[in-house]
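Counting convention: from 1, in listed order, for ligands and their atoms alike.
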Amino acid sequence: MLRRTGVILIIAILAVFLGLHFGLAPDGHDPRTVGTTAIGGVAFLLMTMSIMLSTRIQAAETLFGGLDRMYQVHKVSGVTAGVLVLAHFFGVPKELPVGTDPEVMALFPSAPLGMFALVLLVVSLAITLNRKIPYHQWRLPHKAMGLVYFLIIGHFMTAPSVFFERFNPSGLFLIGAACLGVLSYLYAMFGMNKKTGHNFTIEAINHLDRATEIVLSPVAGRFDFKPGQFAFVEVQAKGWNEPHPFTISSPPSESNLHFTIKVLGDWTRKIREELTVGGEVIVRGPYGRFDATAAGNRQVWLAGGIGITPFLSKLRAMKADDPREVVLVYGVREIGEALFHAELQSLSKKLPNFKLVTLQSNKGEFARVDIMKTRLGQPIASYDYFLCGPRPMVDGIMKDLRKAGVARHKLHSEAFEFR
Ligand SMILES: Cc1cc2nc3c(=O)[nH]c(=O)nc-3n(C[C@H](O)[C@H](O)[C@H](O)COP(=O)(O)OP(=O)(O)OC[C@H]3O[C@@H](n4cnc5c(N)ncnc54)[C@H](O)[C@@H]3O)c2cc1C
């Protein structure tokens with residue numbers, strides 16, 4: 001669940017900037033210039049925050065409720081910034097402010113930098129938002145967004161109407177943001193991956209009916225994580241390219257890491273068909289805040305398909321004297337799709353506080369609120385809900401649970417996508 005703290009922080013930063021910009025606007029700036037440069041400034045701050053959110057810094061995970069939420073805010077900030085950049089472009093006066101020397105201003109490349117940034121931004125956003133482009137082709141153009149950011153810094157630092165605002169509070173605010181944004185970008189590009197990697201060897205590859213389980217043994221030391229967290233997996237061999245995020249399905253007590261991977265595209269198919277035992281893997285993380293330990297004692301864990309993985313780790317870590325009463329509702333198309341079903345059944349016999357409800361859609365059993373009402377022992381609003389599965393399923397059930405009177409703070413979900 002997206003935590004409000006991070007969003008409030010973003011709104012507060014924008015409010016401070018706008019307060020400075022409108023409250024201490026330079027004399028002689030007409031209202032249109034002040035208004036449109038404010039829009040440009042907000043766009044720039046949102047871009048800065050979008051870049052900062054891509055650094056995967058752990059403290060920010062606490063503010064926003066997990067890395068998946070940070071990426072969602074990263075996307076919304078970036079898209080909003082793009083729209084505001086367009087509004088700034090069409091709104092800002094094209095003639096030079098009164099008193100500006102055209103010959104001096106001709107030396108400053110603000111306008112061409114702005115135009116170039118705008119064109120690049122529109123192209124990059126069109127690529128970024130196109131979900132049909134496979135991730136490995138999408139990644140590089142998305143990273144080129146950094147170039148847009150540098151061009152925009154050049155644009156506002158040399159813009160005639162805000163030129164002397166470098167010495168104004170709102171201008172200084174933007175320069176401070178630019179420093180943070182540039183440092184964040186450099187860290188995301190060159191520093192982040194050096195700090196977060198742990199080396200592993202592929203110990204086993206288990207071909208399950210509908211997924212592949214890979215077992216990784218650490219080269220040195222333990223990899224600490226909490227049940228429900230995920231990590232980026234990077235195979236160290238030619239042709240494997242980018243890291244991919246997967247939830248750890250083993251419990252933290254085990255030193256080996258297990259990932260259970262469903263074929264969804266090229267990379268995951270390669271995992272099933274080409275990965276070999278003994279290869280090297282770098283695991284980066286752990287990330288995520290899909291933590292059920294701090295919630296109430298009555299919990300429903302709702303998994304759709306491959307969304308079972310965070311719950312596998314949680315259940316494998318669960319003790320018989322755990323004070324929580326957990327009902328796992330596992331929605332699958334047919335029973336053959338239910339991963340580790342025999343193990344889950346045996347856990348439900350072993351753990352007195354755990355009940356398994358498997359719903360098969362081919363038998364007309366859907367993970368719907370009306371069906372859950374008949375299967376859960378207690379009133380529906382008395383449980384905390386943890387949901388993981390296909391986005392439409394999770395969103396639909398969350399909406400219905402809200403309608404059925406479940407409080408917002410009792411709903412927790414994990415999105416298996418960042419884009
Ligand atoms: C937090 C999280 C946890 C996940 N846990 C699991 C799990 O336990 N088991 C499992 O089977 N799947 C999991 N996934 C999904 C898994 O990451 C994708 O299915 C996989 O990366 C698809 O790669 P592909 O090239 O085979 O498919 P593609 O067709 O290239 O990608 C399918 C979709 O996966 C996403 N994706 C692809 N590559 C990446 C990447 N490098 N980084 C981020 N997103 C990417 C994109 O949204 C893309 O649209 C998880 C995803 C996230 C975000």
Side-chain angles (χ1 to χ4, degrees), residues 1-2 53-54 56 61 64-75 127-143 188 192-193 196 205-216 225-235 239-250 257-275 281-291 301 303-316 330 332 337 339-340 386-392 394 412-419:
M1 183 61 65
L2 174 63
L53 286 171
S54 68
R56 302 185 194 156
E61 277 207 280
F64 288 90
L67 188 65
D68 52 334
R69 308 298 166 193
M70 281 164 67
Y71 277 124
Q72 281 168 3
V73 179
H74 159 89
K75 180 178 170 182
I127 294 173
T128 295
L129 296 177
N130 187 342
R131 297 179 65 88
K132 288 200 180 128
I133 299 175
Y135 184 85
H136 62 277
Q137 288 171 9
W138 171 90
R139 200 170 169 235
L140 202 64
H142 184 62
K143 283 191 170 177
M192 184 168 81
N193 282 351
T196 52
I205 300 165
N206 303 322
H207 288 258
L208 313 173
D209 262 4
R210 309 288 170 104
T212 313
E213 183 189 44
I214 57 169
V215 182
L216 307 179
F225 68 96
K226 291 201 179 112
Q229 286 198 295
F230 66 93
F232 289 87
V233 174
E234 207 176 316
V235 178
W240 285 89
N241 304 317
E242 74 280 342
H244 284 246
F246 296 101
T247 306
I248 302 161
S249 50
S250 46
L257 294 185
H258 293 220
F259 292 96
T260 310
I261 298 173
K262 187 177 168 183
V263 174
L264 262 189
D266 292 350
W267 200 89
T268 41
R269 179 164 298 108
K270 234 165 117 89
I271 284 278
R272 190 157 178 88
E273 291 170 2
E274 294 177 29
L275 199 69
V281 169
I282 291 183
V283 174
R284 304 186 189 283
Y287 295 105
R289 294 284 189 273
F290 195 47
D291 182 10
W301 297 351
I306 193 65
I308 190 68
T309 52
F311 304 118
L312 282 174
S313 177
K314 289 176 198 295
L315 280 168
R316 286 166 173 168
Y330 189 8
V332 287
E337 201 185 72
L339 294 163
F340 299 102
F386 289 81
L387 298 94
C388 186
R391 176 64 67 75
V394 170
H412 316 264
S413 68
E414 177 85 318
F416 266 12
E417 59 180 54
F418 290 145
R419 273 168 78 179

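Counting the atoms of ligand 1 from 1 in the order shown, those under 4.0 Å from a heavy atom of T260 are 7 (C), 8 (O), 9 (N), 10 (C), 11 (O). Ligand-side atoms of ligand 1 in range of F230: 1 (C), range being under 4.0 angstrom from any heavy atom. Set against the non-hydrogen atoms of E242, the atoms of ligand 1 under 4.0 Å away are 41 (N). Listed by number with element, the atoms of ligand 1 under 4.0 angstrom from any heavy atom of I306 are 9 (N), 10 (C), 11 (O). Near I261, meaning under 4.0 Å from any of its heavy atoms, are these atoms of ligand 1: 11 (O). Taking a cut-off of under 4.0 Å to the non-hydrogen atoms of W267, the atoms of ligand 1 that pass are 24 (P), 25 (O), 26 (O). Close approach to T309 involves these atoms of ligand 1, each under 4.0 Å from a residue heavy atom: 7 (C), 8 (O).
Atom CE in M70 sits 7.0 Å away from atom CZ in F64 (nearest 0.5 Å).
Aromatic ring centres of F246 and F232 lie farther apart than the 6.0 Å criterion allows.
Between the side chains of R269 and T212, not a single donor N or O lies within less than 3.5 Å of an accepting N or O. Between the side chains of Q72 and H74, no donor-acceptor pair of N or O atoms lies under 3.5 Å. Using a 3.5 Å distance cut-off with no hydrogens or angles, the side chains of T260 and S249 do pair a donor with an acceptor.
Within the 3.5 Å criterion, the main-chain N or O of G288 finds a donor-acceptor partner in the side chain of Q229.
Look at E61 and R289 and you find a salt bridge, because one of the NZ, NE, NH1 or NH2 atoms lies within 4.0 Å of a carboxylate O, short of that distance.
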Pair Y71-Y287, ring pair (Phe, Tyr, Trp, His ring centres under 6.0 Å): steps then yes or no | CA-CA 12 Å; Y71 277 124; Y287 295 105; 8.7 Å; no
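Remark: ligand 1 and P245 share an N or O pair separated by less than 3.5 Å (distance only, no angle test). For ligand 1, one of its N or O atoms has an N or O atom of K262 under 3.5 Å away.
Heavy atoms of A211 found under 4.0 angstrom from ligand 1: none, in either backbone or side chain.
Taking each of L67, V233, T247 in turn, the one with a heavy atom nearest to atom 5 (N) of ligand 1 proves to be T247.
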